[in-house]
Amino acid sequence: MPPMSKAYNPADHESRIWQKWIDANAFHANPDRVLNGEARPYCVLIPPPNVTAALHLGHALNNSIQDILVRAHRMMGYETLWMPGTDHAGIATQTMVDKRLKDQGKDGIAEYKRKELDGGNGREEFIGLVQDFKDEFEARITHQLQTMGCSCDWDRQRFTMDDICARAVREAFFRLFKDGLIYRGKRLVNWDPVTQTALADDEVEMEEVDGHFYYLRYPLVKEIEGDPTIPVTWGELATRGYPEAETHPEDEQAWVTVATTRPETYMGDTAVAVNPKDPRAGAVRGLHVMLPIVGRVIPIIEDDYVVLPVKYGGEPGDAKAEMSTGFLKVTPAHDPNDYMIGQRHNLDTINIMAPDASISDQHGWDREARGEDGHVFIGKSREEARKLVIQEFNARSVAEGSEGSLLEKMVPHRHSVGHSYRSHVPVEPYLSDQWYCKVTDDKLRGNAQRALLPEQRTEQSIKDWPESRPKMQTKGSTDGTMTFYPSRYAKTYETWHDNLRDWCISRQLWWGHRIPVWSNSHNPGKALDDFLQDWEDSLGQAWEQVEDSGKIAATETLPEGAIFVCVRDEHDTAIVSALENAGFRRDPDVLDTWFSSALWPLSTMGWPDASAAKDSSGIEDFESLLAAFNPTSVLTTAREIITLWVSRMTMFNRYFLGEEHAGKAPFKDVFIHAMIQDGEGRKMSKTLGNGVDPLDIIDSHGADAMRFTLCQMTTQTQDVRMPVELDESTGKNTSPKFDLGRNLCNKLWNASKFALGMFEKAELKAGIPINPEELSLIDRWMLSRVTHATNKVNTALRNYMFKDYADAIYDLFWRDFCDWYLESIKPTIADSPEQAAVLRNVIDAILRLMHPVMPFITETLFERFEPLPMREIEGFSIEVTQSNATLCQSGWPTPADELRDEVAEEAYERVRSLVTTIREVRATAQVKPKRQIVLHAGGELAADIARWSPLVETLAGVEAITADEPEGQSASFTFEGSEYRLSNLADALDAGAERDRLEKELATLEKSIAGINGRLSNPGYVDKAPAHLVEQTRAQLAQLEKDHAATQAALEKLG
RNA sequence: GGGCGAGUAGCUCAGUUGGCUAGAGCGUUCGCCUUACACGCGAAAUGUCGUGGGUUCGAGUCCCUCCUCGCCUACCA
């Protein structure tokens, strides 16, 4: 092997080591070993990254964490599967490709939509482009993960739209459809007018927006002799008992004022509502209002949904009561609450917008509803229409000649508005037909709730969703097995389900899993029976027969008599062509991306047809995967995914794997990691330019350094901050935090180099096992520290405490091993084969403990150490789990508890304390580092020091230890309550500095003594505190007083 | 409005069930190229633990009040 470089240079090793792992097939999981009982399973599913962009630092953190868990368990002997893959990310990817085309000066998807409308295959062509885009980014993401060292089972990599995943989607859709858990509904959806698709509730982001309350006046009218437009005057209102009507001119037309933030929807109003308890309600009962400009007359209705204004009994402090007028404009087609009012009162629903949210008379707002003057708004965008409505209202008054404008006032108002998480424009509540998944059904939502560990559930939730079959009674129950880390996220999960609404799963996109439903709804002229007859004729089989065979399922829910047919098998061309021959058409929409993501634990494992998955992938053991690895061990993900993804995977896994009872949750644990923010606590984002690219960090610091730093930052809080700096030399963002990891790697490299150098002097030999009790103090101490650290590491990993893991190995390696052990053994190791054996064993254990987080450097070093003979130390041996050819397949340290040596730790603690004290004296007395000094120690210490002397001499720069009194000048220090002296510190000592040092020490001691005295003189403490604590305090006081006396004596001697 | 998290050294963060003089890394100061490492070694300085109360012999830790920041969630009258 070539000599080791002076500093660790990651780029020299990382790609070679990666290739070594791949060649060794080290990351391949063998499910049959699990099924045969040879090994316990450990499985992690990667949260599939979107193929829309390269991975960012958050991904780096998430995947580092997963790799740490996976590598540790692989070394521990678990059969370990980390399943990689990517997500097709419907809207996001389609938008990216559209944008790319436009950036190239083309028309984007619009061009392909035209082609499709003209009978061409625009849809297919566009999907081809998206496919290319996906291939590009999938390759990039894969490369990034591999560069980071992620030990995924790369042969099994999946994509949410590949054949195997597609089969799962098809089957899942079919079963839910057949079971009545997927249905078609016409209702207001969250509509993204830019991408022109429906969105699920959780794809809508609330953003604060500066808007206004607009107060609009609607003139009151009534019907006389068939003319519904006769003005109602204030005088008439006064007669009817309308409060304060008399404050207006008697003969002028009266109005009601509505408050709105969205005046542009007023053309779609179909009523004005008032609370029946409102004192004005009776006066306006039976009256109508006439919508200005469009001239349409709409009724005034009464509904107690309307909030009373404070003036008329509304709750002061309630924002709505404060702002409202008591009259509510009702626009059922453009507001969810109004839609419900509309349903209650049988109101018309007038949609005034095109799918791009421009005002249109082609989608429900016809000429009749529009009136003569409404045309001015047509074609305007939402924003333009708002301005125009306000302008028009402002320019007019209720009736010609009356005072004041139709726009009574405008009040600035900041409120949050739903925006598309993809296009970032406000979503439009839009009436349309969509497919819904009935997640509120107990079989889905209820079982998701019941999946939680009972200790993490709230009482209310257990009451609302009791365990279907309490474990005590039924063995088969799989409730209560999923645990969140940190536990507080269980609450987020529960609350999400509490407020759940049915999930809109159709998207008006091209990139995605196309909905496998054919219908005749586009052809209402043809009778249903004729459709069915044609279909039977074409297929040559009776409908009932095919349905009973499970190949199709159908619903007939709509009043129009349309029938929706779901075809189970994508390859069932006979059925499909029969449907199409009969005049059925396939639904043009695709499924929400999360529908396929929700199936990830199933689809990646070959569900529903593992033998088909085997055939299409060529992976022989596909059929064993599901049984071996579902449920998986842990899902590692970010906060915002709890709702979007965790819940849905849980619902689907339990539903589809259920038989008599609900199936198992897809994972035992869910770990939610912190979110990385920049130094100012902001999200990292492209627009802010504060993002850090993991590959840049790997270039500058190495993959291990990045991984260690991220691991070390991963505390149990919800955010962590990473100060971002621009590296002037490269023009790239970086962070000084990563120096921590780089420095650690370099230290590890050099300590290893040093150890290897020692092994050239001290011969390593195999031999009979060493009894640790016969080892020297420092060796026993080091073995004890390794044992201690191993326990800490195991506990930390078990509880997903990644910072604790990082700190444990850092302290073990740097503080214990480098600072003390290596320094201590320098003078003795050359002559002690036993000590050399200990060093060999200890460094081996350290490399293993560090490997999960720093795989490249530890594997590189392992290559150098592995060939060296390793003499066994009793209780310290490591069982190889797969092969010693690579560290990552080798074993994990399992030191016996007996190696925890309290006596050695205590004794060495005294050595360290003495050494530190002497170093302090040296530093304050400005002793040159190379100068060897003399320690004068008699009495009790002398005996101990005799045993420790090589340690003290080496570590404290002492050339001799003597019981004699110093002859010339000397400095004094106190140790364990006695005074000792150091001499030969310098050619001439500075007595003043010596006095200062002693006086300062005296002051510190006095302060401590005063504090402890105070505590002991408090009778409450002595009486009530535990006896051992009081005893401890007394001992401490005694020690301090001895120290004080000794220091005092030294000071007096100084004269 | 509801929920959650954070506020500890100049910066980034630890601090498990209350109990030795509140810790680490970075940064700062001083001294060192001590035969692995200057990406290093030795030493030092730096804290009213957000505010104000309470419980307790004892509070960074438990309870209450308030302030600041962040996230999630519900509100587009």
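So you know, we letter chains A, B, ... as the sequences are listed, proteins then strands, and number each from 1.
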What's the closest nucleotide to the [X] side chain, out of [options]?
X	options	value
A:Leu740	B:G25, B:A43, B:C41	B:G25
A:Glu823	B:G19, B:A36, B:A43	B:A36
A:Pro929	B:G25, B:G31, B:A44	B:G31
A:Ile1012	B:A36, B:U21, B:C71	B:U21
A:Arg919	B:U21, B:A43, B:A36	B:A43
A:Gln926	B:C4, B:G19, B:C30	B:C30
A:Asn750	B:G3, B:U12, B:A36	B:A36
A:Thr715	B:C37, B:C71, B:A14	B:A14
A:Lys747	B:U12, B:A36, B:C39	B:A36

When we call it a touch if two heavy atoms are under 4.0 Å apart, what does [X] touch: a base, just sugar-phosphate, or nothing?
X	result
A:Thr495	nothing
A:Arg742	base
A:Arg721	sugar-phosphate
A:Asp811	nothing
A:Asp719	sugar-phosphate
A:Glu428	nothing
A:Tyr489	nothing
A:Tyr305	base
A:Gln712	nothing
A:Val1022	nothing
A:Lys930	sugar-phosphate
A:Leu328	base
A:Gln1036	base
A:Val427	base

Between [atom2] on [N] and [atom1] on [X], what's the gap in Å once rounded to a whole number?
X	N	atom1	atom2	result
A:Asn746	B:C39	CG	C1'	5 Å
A:Tyr421	B:C72	OH	P	15 Å
A:Phe484	B:G3	CZ	P	20 Å
A:Ile672	B:C72	CD1	C1'	13 Å
A:Lys491	B:U73	NZ	P	16 Å
A:Gln716	B:U16	CD	P	12 Å
A:Arg639	B:G70	CZ	P	14 Å
A:Phe802	B:A14	CZ	P	15 Å

I want to check one thing: is the phosphate of [N], taken as OP1 and OP2, less than 4.0 Å away from some side-chain N or O of [X]?
X	N	value
A:Asn499	B:U73	no
A:Arg815	B:G25	yes
A:Lys803	B:A14	no
A:Thr717	B:A6	no
A:Trp814	B:C41	yes
A:Lys6	B:C37	yes
A:Arg1015	B:U21	yes

Roughly how far apart, to the nearest Å, are [N] and [M] at atom [atom1]?
N	M	atom1	value
B:U28	B:C66	C1'	36 Å
B:C62	B:U56	C1'	10 Å
B:G58	B:G42	C1'	37 Å
B:C13	B:U17	C1'	23 Å
B:U34	B:C41	P	13 Å
B:G15	B:U21	C1'	16 Å
B:A6	B:G50	C1'	11 Å
B:G23	B:U65	C1'	30 Å

> What heavy-atom pair brings A:Ile676 and A:Met722 nearest, and what distance separates the two atoms?
Replying inline: CG2-CB, 3.8 Å
Searching all strands shown, indicate the nucleotide that pairs with [N] (Watson-Crick or G-U wobble; both distances under 3.5 Å).
N	result
B:G42	B:C30
B:C20	none
B:U61	none
B:G1	B:U73

> Quick one: on RNA chain B, does A:Lys826 or A:Arg501 contact a more 5' nucleotide (nearest heavy atom)?
Replying inline: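 Nearest nucleotide further toward 5': that of A:Lys826.
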> Any ion pair linking A:Glu428 and A:Arg262 (charged N to carboxylate O, less than 4.0 Å)?
Replying inline: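 A:Glu428 and A:Arg262: salt-bridged.
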> Does the distance from a Lys or Arg side-chain N to an Asp or Glu carboxylate O, for A:Arg815 and A:Asp811, drop under 4.0 Å?
Replying inline: no
>> Looking at A:Gln677 and B:A6, is any side-chain donor or acceptor paired with a base atom of the opposite kind under 3.5 Å?
In response: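 Side chain to base: no pair present.
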> Which of these, A:Leu744, A:Leu847, A:Leu861, sits in a side-chain contact (heavy atoms from CB on, under 4.5 Å) with A:Met854?
Replying inline: A:Leu744
> In terms of side-chain heavy atoms, does A:Glu1001 have a donor or acceptor partner in A:Thr974 at a distance below 3.5 Å?
Replying inline: yes
>> What I want to check is whether the side chains of A:Tyr821 and A:Asp816 have a donor and an acceptor closer together than 3.5 Å.
In response: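 A:Tyr821 vs A:Asp816: no donor-acceptor pair found between side chains.
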>> Can you see whether A:Trp820 has A:Arg912 sitting over its ring - NZ or CZ less than 6.0 Å from the centre and within 45° of the normal?
In response: yes
Using ring centroids (six-membered ring only for Trp), state whether [Y] and [X] fall under 6.0 Å.
X	Y	answer
A:Phe738	A:Phe708	no
A:His673	A:Phe802	no
A:His334	A:Trp191	no

